[in-house]
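Input: a single structure, listed below in structure tokens.
None of these values were measured; they are calculated from a predicted model.
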Amino acid sequence: VKSEVGVGTTFRLYFKAAAPQSLPQQQETENVAAPLTGQESILIAEDEPEVMRILKRTLEDAGYKVTTAQNGDDALELFKSSPQFDLLLTDVVMPGTILGPALAQAVRLIDPDLPCIFLSGYASDTKMHGNSLSHSDLRLMKPVNRADLLIAVKKTIEAAKQGI
């Protein structure tokens, strides 16, 4: 629960991820979210271990190559050592000195065309502004369901490859 005088109150509920119950829906999601070539590589920066585990498993199950970092500082070092990623998927607020928008800005000094998806559990974070953001960047609210995540990842990578 988060309450702010004059603004309102936000209740956040967390539920464990569950496997889809119906096979047809799962197949439809897999078809929509299958990687473009099987070679796409995603760098994830996320400080919540359980969220990271779910993101990693979801993306790997869809065929993506996933590298993880617990904060922006570690993610930037990983990117500097091997800047061969097709997408940055980052939390907006993390511990350390580099938050999600600053991470995007730093990696774009190395790869200006790298697409980014920002994840946040706070509605106010979805209205980010600044030079680190591109018109093609997506912002998703946590918790994000599996299908929405996979569709967003596929569309973002596809748009970047087409130069959109």
Can you name the nearest heavy-atom pair linking Tyr64 to Glu40, along with the distance?
CD2-CB, 3.6 Å
Are any of the side-chain heavy atoms of Arg53 and Arg57 separated by less than 4.5 Å?
yes
Would a single hydrophobic cluster contain both Val66 and Leu149, if residues Ile, Leu, Val, Met, Phe, Trp and Tyr are joined by side-chain heavy-atom contacts under 4.5 Å?
yes
With a 4.5 Å heavy-atom cut-off, do Leu114 and Phe79 have their side chains touching?
yes
Do Lys161 and Glu158 have side chains that approach each other closer than 4.5 Å (heavy atoms only, starting at C-beta)?
no
When hydrophobic residues are tied together by side-chain contacts of less than 4.5 Å, even through go-betweens, does Leu59 share a cluster with Leu43?
no
Separation between CD of Glu60 and CG of Leu55, rounded to the nearest 0.5 Å
11.0 Å
Do Leu138 and Val153 touch side chain to side chain, with heavy atoms closer than 4.5 Å?
no
Might you point out which heavy atoms bring Ile98 and Met94 nearest each other, and give the distance in Å?
O-CE, 3.9 Å
If you define the side chain from C-beta out and look only at heavy atoms, does anything of Leu88 sit under 4.5 Å from Ile42?
no
Quick check for you: to the nearest 0.5 Å, what is the distance between Phe118 atom CZ and Met141 atom CE?
15.0 Å
Are Ile110 and Leu103 connected in the hydrophobic side-chain network, where two residues link if heavy atoms are under 4.5 Å apart?
yes
Taking a hydrophobic cluster as the set of Ile, Leu, Val, Met, Phe, Trp and Tyr residues connected by side-chain heavy atoms closer than 4.5 Å, whether directly or through intermediates, do Val144 and Leu89 fall within one such cluster?
yes
Gap separating the OG atom of Ser82 from the CD atom of Glu77, nearest 0.5 angstrom:
13.0 Å
Check step by step if side chain to side chain contact (heavy atoms under 4.5 Å, CB included) holds for Leu99 and Val92.
CA-CA 6 Å; Leu99 302 181; Val92 174; 5.9 Å; no
For the CD atom on Glu48, are there more than 12 heavy atoms of other groups (residues, nucleotides or ligands in this structure) within a distance under 6.0 Å?
yes
Is any side-chain heavy atom of Pro95 closer than 4.5 Å to one of Asp47?
yes
So, Asp86 and Ser41: side-chain donor and acceptor under 3.5 Å apart, yes or no?
no
Could you grab the distance from atom CG of Leu150 to atom OG1 of Thr58, nearest 0.5 Å is fine?
6.5 Å
Is the side chain of Ser81 donor-acceptor paired with the backbone N or O of Leu78 at a distance under 3.5 Å, no angle test?
yes
Would you kindly confirm whether Val51 and Ile117 end up in one hydrophobic cluster when ILVMFWY residues are joined by side chain heavy atoms under 4.5 Å apart?
yes
Which value, rounded to the nearest 0.5 Å, describes the distance between Ile157 atom CD1 and Gln162 atom CD?
12.5 Å
Side-chain heavy-atom pair Leu87, Thr156 within 4.5 angstrom cut-off:
yes
Per side-chain hydrogen bond (donor to acceptor under 3.5 Å, both in side chains), Glu46 is matched among Lys142, Gln70, Lys56 by Lys142
Sub-3.5 Å donor-acceptor pair from the side chain of Asn71 to the main-chain atoms of Asp74, do we have one?
yes
Can you check whether Leu119's main-chain N or O pairs, donor with acceptor, with Arg139's side chain at less than 3.5 Å?
no
Do Thr67 and Ile44 come close enough that some side-chain heavy atom pair is under 4.5 Å?
no
